[in-house]
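The figures that follow rest on heavy atoms only: side chains count, while hydrogens, waters and symmetry mates do not. Counting from 1, the numbers follow the sequence of the chain as shown. Since the structure is predicted, the reported quantities are computational estimates derived from the model, not experimental observations.
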Amino acid sequence: MITQRIDNITLIPAHYRTAMPPCPPSVKIELTARCDLACFFCATSQRLRDKRDMDWDFLVRLMGEMREAGVEELGMFYLGESMLYPRLAEAIAVAKQRFGYPYIFLTTNGRLATPDRLRDCFEAGLDSLKFSFNWADPAQAKEITRVDCFDDVVANIQAAKAIRDEVAERTGQRCGLFASSIQYDGEQRERMERAVDSILPYVDQHYWLPLYGQAGLTTGERGTMPVAGNVGRADAMRQPLPCWSLFTEGHVTWDGHLAACCFDHDGRFDMGDLNQSGFMQAWHSEAFQKLRQANLDENVVGTVCEECIAYRKHQA
């Protein structure tokens, strides 16, 4: 199940708790930084950096290099919506068939995950598809995302299972189908639980996530009180420091920079330019080593992590 994989990544093993950890088992690649929604709890809509698509030749080169280095799990997304990337299915096929990645995963908001698009991704070899489902009804979806999307998202989720099963029967390639939702309090939590009930028959597993502050960029938005940093899923939350994002998962922006943060919306967590250096060279860069050591020491004063809600709440 997807929660076991998530927990394996967010729990930093002892041999990764070093300034120079081994190759990360998982990497997320930002095929595109564009998104079709503008959710208030996501800093993507603030457009703090350029929003473009990754160069195809660079993507292929990077996938091969990372697989050779030992990356096992490849996320075909980072901060953007990968269903906007025209060659998404082709990228999945190259990763699976040419480079032999054991596990390829994708998260989508679901609006553009149409039956034809899903079929292409399933046939290409996608192993896991997760829908981010964070609205209780059509009115709330439009209020949160600025787009009238609720009915389309639900319809796409409901269609995915039958398509997945048909492709699996025909090709033997079976993609796991999952959904996650932000775990609010009070009345909104009850409303979300009812909405989730409507999609549960169409996914293999659903799980809850805390409301992240996204490196402090959305902290307190609309009166919300997010948790410290990225502490994993709601039922298996980790300590904010050291942050697992620096040790067990790589994050590559559309323009080829290796980010230390899973929410690097403004480029301040840049640890190396993969257009100019190899993946492992950037993974072990001096800047990355210093930031990891500060996290291990649980003292990130003077680093790019200092402003993160993880640090402020951890110190409190």
Rounded to the nearest 0.5 Å, how far does CZ of F77 lie from CG of L88? 11.5 Å
Between Y16 and C23, is there a donor-acceptor pair closer than 3.5 Å when you use the side chain of the first and the backbone of the second? yes
Is any side-chain heavy atom of H15 less than 4.5 Å from a side-chain heavy atom of P21? no
What pairs meet the ring pair (Phe, Tyr, Trp, His ring centres under 6.0 Å) rule with one or both residues in residues 238-261, with sequence neighbours excluded? Y78-H251
Do any side-chain atoms of residues 274-282 form donor-acceptor pairs under 3.5 angstrom with protein atoms, and if so which ones, sequence neighbours left out?
unit_1 : atom_1 : unit_2 : atom_2 : d
N275   : ND2    : D255   : O      : 2.8
N275   : ND2    : D273   : OD1    : 2.8
S277   : OG     : D273   : O      : 3.2

So, does K161 use its side chain to make a donor-acceptor pair with the main chain of P201 at under 3.5 Å? yes
Under a 3.5 Å threshold, yes or no: a donor from one side chain and an acceptor from the other, between E81 and T32? no
Polar side-chain atom of E249 near backbone of S245 as donor-acceptor pair, under 3.5 Å: no
Please report the interatomic distance CE(M54) to CZ(F58), rounded to the nearest 0.5 Å. 5.0 Å
Treating Ile, Leu, Val, Met, Phe, Trp and Tyr as nodes and any side-chain heavy-atom pair under 4.5 angstrom as an edge, say whether L11 and Y103 lie in one connected cluster. no
Give a yes or no answer on whether the side chain of R233 reaches the backbone of Y207 with a donor-acceptor pair at less than 3.5 Å. no
Residue list, salt bridge (charged side-chain N to carboxylate O under 4.0 Å, His left out) with K130, at least two apart or on another chain: none
In terms of side-chain geometry, is the basic nitrogen of R111 or D36 positioned less than 4.0 Å from the acidic oxygen of its partner? yes
Whether the side chain of D264 engages the backbone of A260 through a donor-acceptor N/O pair (distance < 3.5 Å, no angle test) should be reported. no
Is a donor on one side and an acceptor on the other found under 3.5 Å between the side chain of D148 and the backbone of K142? no
Once rounded to the nearest 0.5 Å, what's the spacing between atom CZ of R34 and atom OG of S82? 10.0 Å
Count the heavy atoms of every other residue, nucleotide or ligand shown that sit under 6.0 Å from CZ of R61, and state whether that count exceeds 12. yes
Evaluate the side-chain contact (heavy atoms from CB on, under 4.5 Å) criterion for residues V27 and E73: first the C-alpha distance (whole Å), next the side-chain angles of each, then the deciding distance (0.1 Å), finally the verdict. CA-CA 6 Å; V27 174; E73 302 181 6; over 6 Å; no
Assess the residue pair I2 and S128 against the criterion (side-chain contact (heavy atoms from CB on, under 4.5 Å)); give the C-alpha distance rounded to whole Å, side-chain angles, the decisive distance to 0.1 Å, and a yes or no. CA-CA 8 Å; I2 190 173; S128 169; 4.1 Å; yes
Passing candidate, side chain to side chain contact (heavy atoms under 4.5 Å, CB included) with D127, options L74, I104, I92: I104
Assess whether side chain to side chain donor-acceptor pair (under 3.5 Å) is satisfied between H206 and S181, documenting all intermediate values. CA-CA 8 Å; H206 172 273; S181 304; 2.8 Å; yes
Before accepting this row, confirm whether a basic side-chain N of the pair E187/R191 lies closer than 4.0 Å to the acidic partner's carboxylate O. no
Among V154, N109, I182, exactly one meets side chain to side chain contact (heavy atoms under 4.5 Å, CB included) together with F133. Which residue is that? V154
Any sub-3.5 Å donor-acceptor pair from S285's side-chain atoms to G272's backbone N or O? no
Report yes or no: do L258 and M20 belong to one cluster of Ile/Leu/Val/Met/Phe/Trp/Tyr joined by side chain heavy-atom distances under 4.5 Å? no
With rounding to the nearest 0.5 angstrom, report the OG to CD distance, S198 to E193. 12.5 Å
Compute whether any side-chain donor of one residue and acceptor of the other, for E298 and Q239, lie under 3.5 angstrom apart. no
May I ask you to establish whether R5 and F105 are in a cation-pi arrangement, using a distance under 6.0 Å from NZ or CZ to the six-membered ring centre and at most 45° from the ring axis? no
Residues E306 and V300: closest non-hydrogen pair is CB-O, 3.5 Å
Would you mind reporting whether C305 and N295 have side-chain heavy atoms less than 4.5 Å apart? yes
Between C175 and D204, which heavy-atom pair has the shortest distance, and what is it? O-OD2, 4.3 Å
Closest non-hydrogen atom pair between V167 and R119, with its separation: CG2-CG, 4.2 Å
Find out whether the Lys NZ or Arg CZ of R194 is both under 6.0 angstrom from the six-membered ring centre of W135 and within 45° of the ring's axis. no
Ring-face cation of R87 near Y85 (centre distance under 6.0 Å, axis angle within 45°): no
Between the CG atom in L59 and the CE atom in M76, the distance rounded to the nearest 0.5 Å is 6.5 Å
side-chain contact (heavy atoms from CB on, under 4.5 Å) between T107 and S132, worked out: CA-CA 7 Å; T107 289; S132 291; 3.4 Å; yes
I'd like to know if the side chain of R67 and the backbone of V71 have a donor-acceptor N/O pair within less than 3.5 Å. yes
Are there more than 12 heavy atoms of other residues, nucleotides or ligands under 6.0 Å from atom CD of E72? yes
Find the distance between CZ (R189) and CE (M192) and round it off to the nearest 0.5 Å. 11.5 Å
Would you check, one step at a time, whether the test side-chain contact (heavy atoms from CB on, under 4.5 Å) holds for E123 with Q173? CA-CA 7 Å; E123 291 178 343; Q173 171 65 30; over 6 Å; no
When you check the gap from the basic side-chain N to the acidic O, do E169 and R174 get nearer than 4.0 Å? no
